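In each ligand, atom 1 is the first atom listed, and ligand 1 is the first ligand listed. Here the structure is a predicted model, which means the values were calculated and not measured.
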Amino acid sequence: MYHTIRPASILASLVLLAVSAVSAQAQLEYKNGIIWDRPERVENAQPVCTPAPEGAVVLFDGTDIKKHFNNVQNWVVKDGYAEVHGGTAETKQSFGSCHIHLEWASPAKVSGRGQGRGNSGVYIMGKYEVQILDSYQNDTYFDGQCGAIYKQAPPLKNACRKPGEWQSYDIKFTAPKFDEKGNVTRKARLTVIHNGVVIQDDFELLGGTFWYKPAVYEAHAPKLPLKLQDHGNPVRFRNIWIKEIED
Ligand code: MG
């Protein structure tokens, strides 16, 4: 007694194998292999707590995080701040080129290490992450530390304050443009000021910021929602505003 091997079942098995290989690969971390210098440390950089200028959309004024964000039903709002809990916040409104201001604090009670300590992130257009991380005496890969354009560029300086202390980001973002075939015709650019220190200086992005694959541009709408990442750590936010920049 022996089994008859049917070509169709062999083909089906091969397809299954290929599919599982691809999905297994999708779970692997992408490493670009670049050896960066350690960003120089700036001690005691002070947060710049700027009120919203005229024409800005105040995304969070300390009272109601649900007014301008979706997926924040589990976030905790208290004493003028909103704390990440169980969901990545996403603005109801979409934005393109813009100036973003926000203030944030990593948890005062330190737990975890590396990428597991005070991790969140400002996902501009939901695709381009400026990393938020507790990088105060907490090493990780340099292009994943606080203020990095995730997996593309370490911050020029490490201006991180101590856990629990308020910090500021001012981000100037120029949105990418695409032609009708989906090719990028203008790459995105980012300047980031962290606690008054320029840590990204008009950096031209290589594409979207991914954990599992190299940066690449994937055509998208001219305006998309801003996201604040839930990475499982109770990072706090306050005074979030955004002002669109004319292209
Ligand atoms: Mg992050």
Item to check | Quiz item: cation-pi between Arg238 and Tyr81, 6.0 Å / 45° | outcome: no
Checklist entry - CZ/Phe203 to CG/Leu156 distance, rounded to the nearest 0.5 angstrom? => result 10.0 Å
Next on the checklist: Looking only at the aromatic ring of each residue, does the gap between the centers of Tyr169 and Trp104 stay below 6.0 angstrom?
Outcome noted: yes
Checklist entry - For the Mg ion (ligand 1), what is the closest N, O or S atom on Glu129? => result OE2
Checklist entry - Taking the Mg ion (ligand 1) as the vertex, what is the angle from OE1 of Gln131 to O of Ser120, given to 10 degrees? => result 80°
Next on the checklist: With respect to the Mg ion (ligand 1), please indicate if Tyr150 possesses an N, O or S atom at a distance under 2.8 Å.
Outcome noted: no
Checklist entry - Would you say Tyr141 and Ile149 are hydrophobically clustered, going by side-chain heavy atoms of ILVMFWY under 4.5 Å? => result no
